[in-house]
Amino acid sequence: MASGESILMVRREEGVARIEFTKKDILDESNIQQIGEEISKIIDQSEQPKVLISFSNVRHLSSAALGTLITINNKVKNKGGQLRLSDIDPQIYEVFVITRLNQLFQIHEHADEALSSFA
Amino acid sequence: MSEPRVEVVRISNDPAAIAALRDRVVRVLDEEGFSDASAFAVRLAFEEAISNAFRHGHKGLPADEPVEVRLRVERDRAEIVVEDRGPGFDPRAIPDPTLEANLDKPSGRGLMLIRAYMTTVEHNERGNRVRMVFQSRTSGN
């Protein structure tokens, strides 16, 4: 279902789609689904997508949101692309550590660092 | 000595209703003086238990089928019981999502996070009710 209001802010910098969230909580199923759909479209638009997702505005996220990030990571990898995560709040980063997803994703402290890490 | 805060709520799978209850839980925790880290833990467990109840417990049931949430908060202890009306599940049958082979699977982390953040997590025999207790570490042992 089309939504008039995007949950994402997307800008392109040197071939990288830089994504931020407009909401501080990524919890509702419908929001998570919308995020997955919008980022999938960005991935589909590029042959070898380079995607940076910054969590600078995010204070809470659920395991369903983690699931969507994993699906996004799988899509990017399948296209030979690169995904980076950055600016994760320490409490949320702890969730990545507990689930060992900090080993699955390339996570950087700041977006600038993440940007310069793209090959 | 203040009395424990006790609430029993039935909610359907309506994002606005779930968000309102989430806000209510957060407010009660704040009023009872829970630290930011403790409130984060309880809120996360609440969120995952509600999500599990509707996504898995109520799979195939009508969206208006309610889930019952019981909340009991007193100073350094929060207890949340979430009971769905589904057939239940065997929590021991959930694969470990942190195993290498499961890391890139998009689901199966909710219960693990609940167990990581809450002090006690118990299911009933049928597997349609979870009781979760958060006990602040600052209280006496």
Side-chain angles (χ1 to χ4, degrees), chain A residues 1 3 5 7 23-37 39-40 43 53 55 58-79 81-83 85 88-107, chain B residues 11-23 25-26 29-30 34-56 58-59 63 67 94-118 121:
Chain A
M1 197 163 64
S3 168
E5 193 186 337
I7 302 163
K23 288 181 181 285
K24 67 181 175 66
D25 294 345
I26 306 176
L27 301 168
D28 293 344
E29 298 273 336
S30 57
N31 284 348
I32 292 166
Q33 193 184 341
Q34 190 183 338
I35 287 166
E37 286 169 4
I39 299 180
S40 289
I43 295 167
I53 304 178
F55 290 81
V58 178
R59 293 295 165 264
H60 295 275
L61 57 76
S62 64
S63 67
L66 294 176
T68 293
L69 287 175
I70 291 166
T71 302
I72 289 164
N73 189 45
N74 291 341
K75 281 185 180 173
V76 168
K77 271 165 64 180
N78 286 342
K79 292 193 82 173
Q82 300 167 60
L83 174 68
L85 310 184
I88 300 177
D89 175 88
Q91 284 183 325
I92 296 179
Y93 185 72
E94 182 71 18
V95 174
F96 280 82
V97 172
I98 290 168
T99 53
R100 287 189 61 214
L101 291 177
N102 59 324
Q103 296 177 25
L104 184 75
F105 294 108
Q106 283 204 34
I107 301 176
Chain B
I11 51 166
S12 58
N13 194 7
D14 166 22
I18 294 169
L21 182 56
R22 178 197 308 141
D23 291 347
V25 170
V26 170
L29 295 173
D30 184 48
F34 275 61
S35 70
D36 189 39
S38 299
F40 180 90
V42 176
R43 176 186 170 142
L44 183 141
F46 164 83
E47 202 67 53
E48 297 298 336
I50 294 285
S51 174
N52 279 346
F54 285 120
R55 283 180 97 187
H56 305 298
H58 280 196
K59 195 172 185 179
V67 161
I94 306 292
D96 181 352
T98 64
L99 293 179
E100 203 65 36
N102 297 332
L103 269 189
D104 64 354
K105 295 198 173 137
S107 62
R109 291 174 180 80
L111 182 56
M112 188 227 171
L113 285 172
I114 292 172
R115 285 178 174 146
Y117 279 94
M118 298 298 270
V121 181

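The sequence lines fix the lettering, A, B, ..., with proteins before strands; numbering per chain opens at 1. As a basis for the values below, the full set of heavy atoms in this structure was taken, side chains included, without hydrogen atoms, waters or symmetry mates.
- Heavy atoms closer than 4.5 Å to chain B are found in the side chain of A:D25, but not in its backbone.
- Using modelled atom types and a 3.5 Å distance limit, the side chains of B:S38 and B:S35 yield a donor-acceptor pair.
- Using a 4.5 Å cut-off between heavy atoms, A:E29 contacts chain B through its side chain alone, with no backbone atom that close.
- The aromatic rings of B:F40 and A:H60 sit parallel to each other, their planes meeting at less than 30°, with 60° as the upper class boundary.
- In this structure, no portion of B:A41 lies under 4.5 Å from any heavy atom of chain A.
- For B:L103, the parts lying under 4.5 angstrom from a heavy atom of chain A are both the backbone and the side chain.
- There is no contact between B:I50 and chain A, counting heavy-atom distances below 4.5 Å.
- Judged by distance alone, the side chain of A:D28 and the main-chain N or O of A:S30 form no donor-acceptor pair under 3.5 Å.
- Across all non-hydrogen atoms, the minimal contact from B:T98 to A:T99 is CG2-O, 3.8 Å.
- Only the side chain of B:Y117 has a heavy atom closer than 4.5 Å to any heavy atom of chain A.
- Interface remark: B:D36 contributes backbone and side-chain atoms alike to the contact with chain A (heavy atom separation under 4.5 Å).
- When the candidates A:L61, A:L69, A:V95 are compared by the number of heavy-atom contacts under 4.5 Å with chain B, A:V95 comes out ahead.
- Only the side chain of A:N74 comes within contact range of chain B, judged by heavy atoms closer than 4.5 Å.
- A donor-acceptor contact closer than 3.5 angstrom links the side chains of A:S63 and B:E48.
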Using the side-chain contact (heavy atoms from CB on, under 4.5 Å) rule, take A:Q106 and A:L83 through it: C-alpha gap first, then chi angles, then the decisive distance, then the call. CA-CA 7 Å; A:Q106 283 204 34; A:L83 174 68; over 6 Å; no
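- A salt bridge does not link B:D96 to B:R109: none of the charged side-chain nitrogens sits closer than 4.0 Å to a carboxylate oxygen.
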